[in-house]
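See below for the structure under consideration.
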Amino acid sequence: MRHLLSTALISLAACAGAFAAEHEVKSPDGRLVVTVGDDGGRAWYSVAYDGRPMLGRSALGLRANVGDFAQGLKEASATTGKESKTYTMRNAKAGKISYEANRLDVTYENAGKRRMTVTFCVSDNDVAFRYTFPQTDETACMVVEGEATSFSLPAGSTAFISPQSDPMIGWKRTKPSYEEVYSADAPLTAKSQYGRGYVFPALFRVGQDGWVLLSETGTDGGYPGCHLTDYDPQTGYSIAFPMPEEANGFGSATASMALPGSTPWRTITVGATLEPIVETTVQFDVVEPKYDVSPDCKPGRYTWSWLIWQDRATVYDDQVKFIDLAAEMGYEYTLVDGLWDKQIGREKIEQLSRYAQSKGVSLLLWYNSNGNANDAPQGPKNRMNTAIARKKEMAWMKKIGVKGIKVDFFGGDKQHTMQLYEDILSDANDYGLQVIFHGCTLPRGWERMYPNFVSAEAVLASENVYFNETQAKREPFDLTLHPFCRNAVAAMDWGGTIMNRRMSRDNKRRHPRYTSDVFEMAAAIVNQASVQCIALQPNNLTELPQMELDWLRGVPTTWDETQFIDGYPGRYVVLARRSGDRWYVAGLSAESEPLTLKLQLPMFAGKEVAVYSDKKAKDGQLPDARLKRVKASKDGTLKVTIQPSGGLIVM
């Protein structure tokens, strides 16, 4: 009787279309497998690596004003193909990148006979998927009201994630700005701080030897920036759209799409180790440049007064000091921060730019993104938010020799704000300007899409080391975490290698720095951005040991190759980066005790190398740096010790 009942139920389900075909798409090496199917009219996917589940059955689909594409679906077709490309980049963790992937396109028809194609591209450690919708005789546009897309992590996984903040809170109502504290090894069931879910990227440990990194890429003015909901034990994490209150309540929190059209890509990086997490390039692999980069946009290092000297230093004479500092160090740029329009003035900025150029230095200028998304008061304001004002301003900057802008205080992730990012980048490129964003969203493939984009903050960055002693103490944790999540998916403007030992202009007052000099130096290698702040102060020229100054003079910012060597998120990290034919190995530790490691460095096999490390610290003091030359073993093995909150450089 039980057998007959089961047969009857199976027959009934089959007649209802519940058991539609399942499709598998594997990575070129066969280790990563994505399975796609639909159950009762709801599409799903799952991800396995080396036969182990990395994501269980997770929902696909979305809801739009032209129809529901999350339920009532019926498969119409499925095709497979291959993706293959080799491309170069000037502003990412690698210079020449090869991408090989297998592709699966599954087209579904909903109850209203409208179609949606889900495309999966699967490379050796990465999955990227998106939705595409055709134009029909009746419909050339649609509004996406929400997504069903979810990510179901195996039970027992732990999370390295940062909460999405409430809208219109924080200093001058400038949040959300991706500047919240990260949790480490947190249970999936932990509720987010604000009840608003979590931002991308999100890193997860699956079991003892599995890792999953979730993010998105390809977001432009055609879609909002998305984030994750809180975890649901039944469905996992789901895609969430911006909050309606963002940008002072202006603009839609939904997505308006022209048809035919595609959503951004959701990305999943998996591995049995952290190596593919750190080295992933999937955020660039599945997008294409929207224009050629201006030849005026070049990588380099910049000095910046504001980090320690703050607002009162945005005056002509103090900026001359930082231009002179950049010239002395051989750095390419000096960033003049907010309030320059009032405290220096345009005529004097032109004079300052001429002075900088006479020293072989170019200016970068700070701007407020606009004046209606929050209450941030610093100027120049209302110069970046309209095409007429923006082009006039950029033409002036080009005329006086300015080479880049830092634009701050954006209003969240709504689609109109994403369009503002794109418009600023595109116009800036026309005038030979490269762009840094602050108070902003996560970049989503922008280094490749907009090649004059160089970095963004989107992290609780070094300014908080200055503002808050608690954050100064957290710096080792933060900078040993971000190579595995935030900086793994996009360039990160941490805001400076800080060499002052106290957070004051005279280097004697306020709270101390809690990291060693070598930690800060190594952070300039670990933190990836092609235009990077080395936050030296003029007093550092006479206070720092000569060997530290010599090293800081030569620190590169562009990389041809990146390799993960060792580490654990929030505890320690060792990376190797190659610039030209020279390798730099950099290590940071957040541990409370000395950390001894046996590193495998085949690039140094049998060679004599320079090792920068820390002496043992005296009670209550930062350790002094030391430099010694050692010979690596024939197979490249090198035994090293990194002091607590200390660093390591091998080159």
Side-chain angles (χ1 to χ4, degrees), residues 20-38 43-61 75 77-87 94 97-108 116-132 147-154 200-204 206 209-219 236-237 239 262-288 444-445 448 488-489:
E22 294 182 6
H23 306 278
E24 281 191 353
V25 56
K26 297 182 179 181
S27 58
D29 66 5
R31 300 177 68 184
L32 177 57
V33 180
V34 176
T35 305
V36 182
D38 63 273
W44 57 266
Y45 73 101
S46 63
V47 179
Y49 189 73
D50 284 343
R52 294 184 53 210
M54 291 296 186
L55 290 177
R57 284 197 178 193
S58 303
L60 294 168
E75 183 181 315
S77 66
T79 60
T80 59
K82 294 184 181 295
E83 300 289 329
S84 180
K85 69 172 79 169
T86 298
Y87 59 95
I97 301 169
S98 294
Y99 179 63
E100 301 289 337
N102 292 323
R103 190 183 73 247
L104 171 67
D105 296 284
V106 184
T107 298
Y108 295 99
M116 170 186 75
T117 298
V118 188
T119 298
F120 282 86
C121 291
V122 183
S123 57
D124 281 348
N125 289 95
D126 297 296
V127 178
F129 68 94
R130 70 177 181 181
Y131 308 109
T132 299
E147 289 195 27
T149 311
S150 70
F151 308 89
S152 181
L153 276 298
F200 286 123
L203 175 67
F204 302 91
V206 179
D209 54 359
W211 295 91
V212 174
L213 179 66
L214 304 179
S215 194
E216 63 180 6
T217 191
T219 306
Y237 299 93
I239 289 289
S262 300
T263 67
W265 297 91
R266 314 303 176 197
T267 64
I268 307 161
T269 302
V270 303
T273 70
L274 285 159
E275 178 179 341
I277 304 296
V278 172
E279 298 179 13
T280 182
T281 57
V282 67
Q283 62 272 21
F284 313 128
D285 294 337
V286 293
V287 300
E288 297 294 334
R444 294 160 166 89
R448 181 152 164 80
V489 302

_How long is the straight-line distance from OG1 of Thr269 back to OH of Tyr49, given to the nearest 0.5 Å?_
11.5 Å

_Minimum side-chain heavy-atom gap Phe204-Leu213 below 4.5 Å_ = no

*Lys85 side-chain N/O to Asp285 backbone N/O, donor-acceptor pair under 3.5 Å*: yes

*In Å, rounded to the nearest 0.5 Å, how long is the span from CE of Met54 to CH2 of Trp211?*
11.0 Å

*Given side chains that start at C-beta, do those of Leu104 and Val36 come closer than 4.5 Å, heavy atoms only?*
yes

_Audit row: Thr132, Thr117, side chain to side chain donor-acceptor pair (under 3.5 Å) steps and yes/no_ = CA-CA 5 Å; Thr132 299; Thr117 298; over 6 Å; no

*For Thr35, which residues count as a side chain to side chain donor-acceptor pair (under 3.5 Å) partner, sequence neighbours excluded?*
none

*If you measure from OG1 on Thr80 to CD on Glu24, what distance do you get to the nearest 0.5 Å?*
12.5 Å

*Less than 4.0 Å between a side-chain N and a carboxylate O, is that true for Asp209 and Arg52?*
yes

_In this structure, is the centre-to-centre distance between the rings of Phe151 and Tyr237 below 6.0 Å?_
no

*So do the side chains of Asp105 and Arg103 get within less than 4.5 Å of each other, counting heavy atoms only?*
yes

*Kindly give the heavy-atom pair with the smallest separation between Ala78 and Glu75, and that separation in Å.*
CB-OE2, 3.8 Å

*About how many Å separate CZ of Phe200 and CG of Leu214, when rounded to the nearest 0.5 Å?*
6.5 Å

*Cut-off 3.5 Å, side chains only: do Asp126 and Thr280 have a donor facing an acceptor?*
yes

*Looking only at heavy atoms, which two atoms of Pro276 and Thr273 are closest? And how far apart?*
CD-O, 3.4 Å

_Closest heavy-atom pair and its distance - Asn125, Gly271_ = ND2-CA, 4.1 Å

_With side-chain contact (heavy atoms from CB on, under 4.5 Å) as the criterion, how do Ile268 and Phe120 come out once you've worked through the C-alpha distance, each side chain's angles and the decisive distance to 0.1 Å?_
CA-CA 11 Å; Ile268 307 161; Phe120 282 86; over 6 Å; no

*Decide whether a cation-pi geometry holds between Arg57 and Tyr45; the criteria are a distance under 6.0 Å from NZ or CZ to the six-membered ring centre and an angle within 45° of the ring axis.*
no

*Could you tell me whether the side chains of Ser58 and Ser152 share a donor-acceptor contact shorter than 3.5 Å?*
no

*Output yes when Arg130 and Glu147 qualify as a salt bridge under the 4.0 Å nitrogen-oxygen rule, no when they do not.*
no

*When rounded to the nearest 0.5 angstrom, what is the spacing between CZ in Arg266 and CZ in Phe129?*
7.0 Å

*State, to 0.1 Å, how close Val206 and Pro154 come at their nearest heavy-atom pair, and which atoms those are.*
CG1-CG, 3.7 Å

*Going by atom types alone, do Ser27 and Ser123 pair a side-chain donor with an acceptor below 3.5 Å?*
no

*Carefully, step by step, assess Leu203 and Val212 under the rule side-chain contact (heavy atoms from CB on, under 4.5 Å).*
CA-CA 6 Å; Leu203 175 67; Val212 174; over 6 Å; no

*Do Tyr131 and Thr119 have side-chain N/O donor and acceptor atoms under 3.5 Å apart?*
no

*asked:* Less than 4.5 Å apart, side chain to side chain, heavy atoms only: is that true for Val118 and Tyr108?
replied: yes

_Test item: side-chain donor near acceptor, Thr217 and Thr267, under 3.5 Å_ = no

_CA sep, side-chain torsions, deciding dist, call: Glu216, Trp265, side-chain contact (heavy atoms from CB on, under 4.5 Å)_ = CA-CA 6 Å; Glu216 63 180 6; Trp265 297 91; over 6 Å; no

*Looking at Val287 and Gly218, what are the two nearest heavy atoms and their distance?*
CG1-CA, 3.6 Å

*Interatomic spacing from CG in Leu55 to OG in Ser150 - rounded to 0.5 Å*: 8.5 Å

*Residues that Glu100 engages under side chain to side chain contact (heavy atoms under 4.5 Å, CB included), provided they are two or more places apart*: Pro28, Ser84

*Might you work through the side-chain contact (heavy atoms from CB on, under 4.5 Å) test for Arg448 and Glu288, ending with a clear yes or no?*
CA-CA 6 Å; Arg448 181 152 164 80; Glu288 297 294 334; 3.0 Å; yes

